[in-house]
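Right, one structure below, let's go through it.
Just so it is clear: chains get the letters A, B, ... in the order the sequence lines come, proteins before strands, and each one is counted from 1.
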There are 2 protein chains.
Amino acid sequence: MIERPHLSFELAVDLVVCTVRGAAFEVLLVERGVEPYLGRLALPGGFLRAGEDLIDAAVRELAEETGLSGLDPYLEQVRTYAAPDRDPRGRVATVAYLAILPDLPMPTAGTDAAGARWEPVRRGGLGLAFDHDRILADAVEQARRLLENTPLATAFCRTEFTIAELRAVYEAVWGVPLDPRNFHRKATGLPGFVVPTGEMRSPPTGRPAALFRRGPATALYPPLQRPA
Amino acid sequence: MIERPHLSFELAVDLVVCTVRGAAFEVLLVERGVEPYLGRLALPGGFLRAGEDLIDAAVRELAEETGLSGLDPYLEQVRTYAAPDRDPRGRVATVAYLAILPDLPMPTAGTDAAGARWEPVRRGGLGLAFDHDRILADAVEQARRLLENTPLATAFCRTEFTIAELRAVYEAVWGVPLDPRNFHRKATGLPGFVVPTGEMRSPPTGRPAALFRRGPATALYPPLQRPA
DNA sequence: TATCCTTATCGTCGAGCTGACGATAAGGGA
DNA sequence: TCCCTTATCGTCAGCTCGACGATAAGGATA
């Protein structure tokens, strides 16, 4: 084994911040203000600071980019990218994080979020800077998989939500329509997935719906499988 | 945004090399020959070299540590660890890779593999150096999950294998007994999982078993779920 | 050779789950 | 009051699952 020092890297964290707005699965992007890729859309992110662990940097960047404070975001590591030529400035490794937010109004004035905007996730990619299209694709696939096996969908919703809102999350992220009656049966029947609050909410039209909160389960068993 | 340069890291790759030997789920460990953690068991790994991507370093380390060349290993990224205090020598980020090998006789003389040995995976950890117990636990959980959804189990077997050998992989990794008849039905019925070669193999005792190869499927649908 | 042991493979059966879809409930608006 | 919309509950045939019986096909042994 060769003695140190070795190759030196800069370590960054890139965020794939996802939400569901209306019927659309959207991701938060920023327009780059510096070279390289000046003017191109990219995932928000930044470099680690002294004393920070990866998750610390991800939480900090998320707060900076969204301008939202005090939220309890769902954050999960996706994977790490370190190809020698992925950044023309030198050797930069980036750790991708998947962040899930409910559809919140975002403050934009006077923050980093001023240059941030939501874009619908399209298959085929969005023409992002660096290898961010690939990172986005990996994160989206991870989100789709996590919807099957974990209560991740509740992170797209506010504290209290209806079954229809939860179903809209699955439909938007998976990109498939689901039968409302079968989905209702499965979602309310899965142990620990959702718990009723006893309250009701009247949508703009139609019968009022019961409200639920996220349940104690950390995994869905059996999983809610995507249709073939 | 602050201009560069930023905090500098060294980037390592650590390998969780798994196999199934007999009925045991085992992992490849090395005894550390230098400080820190001199003499303690650790995951094999090493630092990235100039021009290498992560997967290149993982493949190179795997060849060095096992002494095996020309094998086509299954390698998959697990996650990245970069806590500020995880390495007393400084800021070292490590990307963990899961590697799956069939039960092969390993050459040991005159290679890095001389100090390597297989240890059964135990719950509660193995008392490894650094944060390697945590890394091992994460990788093992990933392997258990991949067994459900992908043909990963075939990577534990040689090119040709019997259904009983495949079942032994599931039983060892999951740590649960499986019904041979039901497993046979599901494994042979899953589209693209295994394909019969037409050959037979006689085990030391009992009726000869049909041989199979890995099929073309990259995902198991429906998944082979772990028992509750 | 006949018997037994072992493992492989095929069948059977009832419970439970799935998707398709009918029926009813409960709000607002015309 | 009628109608439109969404929520929620039921029904039902088909499928899958786990438990387990039955048979096949080797070698070992009496």
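- Side-chain N or O atoms of A:E165 include one that pairs as donor or acceptor with a backbone N or O of A:T162 at under 3.5 Å.
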Exercise. Would A:D14 and A:Y81 count as a side-chain hydrogen bond (donor to acceptor under 3.5 Å, both in side chains) if you check the C-alpha gap in whole Å, the side-chain angles of each, and the deciding distance to 0.1 Å?
Worked result: CA-CA 10 Å; A:D14 284 330; A:Y81 304 82; over 6 Å; no
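- Within the 3.5 Å criterion, the main-chain N or O of B:E31 finds no donor-acceptor partner in the side chain of B:R117.
- Atom CZ in A:F183 sits about 12 Å away from atom P in C:dG19, given to the nearest Å.
- A salt bridge does not link B:D56 with B:R60: none of the charged nitrogens is closer than 4.0 Å to a carboxylate oxygen.
- Ring-plane geometry between B:H132 and B:F130 is classed as tilted, the angle between the planes lying from 30 to 60 degrees on a 0 to 90 degree scale.
- For DNA chain D, the neighbouring residues in residues 191-212 of chain A, judged by any heavy atom under 4.0 Å, are A:T205, A:G206, A:R207, A:P208, A:A209, A:A210.
- Map A:N182 and B:K186 each onto its nearest nucleotide of DNA chain D; the residue landing nearer the 5' end is A:N182.
- Here C:dT9 presents its C1' atom at 12 Å from CZ of B:R167, a figure rounded to the nearest Å.
- For B:Y170 (side chain) and B:A153 (main-chain N/O), no donor-acceptor pair under 3.5 Å exists by modelled atom type.
- For the contact set between residues 218-228 of chain A and DNA chain D, defined by any heavy atom under 4.0 Å, there are no members.
- Straight-line distance from the CG atom of B:D179 to the P atom of C:dT7: 14 Å, rounded to whole Å.
- The backbone N or O of A:T80 sits less than 3.5 Å from a side-chain atom of B:Q77, completing a donor-acceptor pair.
- Residues A:D103 and A:T19 come closest through the heavy atom pair N-OG1, 3.4 Å.
- Following rounding to the nearest Å, A:L178 (CG) and D:dA7 (C1') show an atom-to-atom distance of 16 Å.
- The nearest whole Å value for the distance from the CD atom in A:E148 to the P atom in C:dT18 is 13 Å.
- Going from atom CD of A:E165 over to atom P of D:dT8 covers 11 Å, rounded to whole Å.
- Residue-to-nucleotide contacts include no donor-acceptor pair under 3.5 Å from the side chain of B:R181 to the base of C:dG11.
- Taking only side-chain nitrogens and oxygens, A:H184 comes nearer than 4.0 Å to OP1 or OP2 of D:dT8.
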Under 3.5 Å donor-acceptor pairs involving side-chain atoms of residues 208-225 of chain B, not counting sequence neighbours:
{"residue": "B:R213", "atom": "NH2", "partner": "B:E160", "partner atom": "OE2", "Å": "3.1"}
{"residue": "B:Y221", "atom": "OH", "partner": "A:R226", "partner atom": "O", "Å": "2.7"}

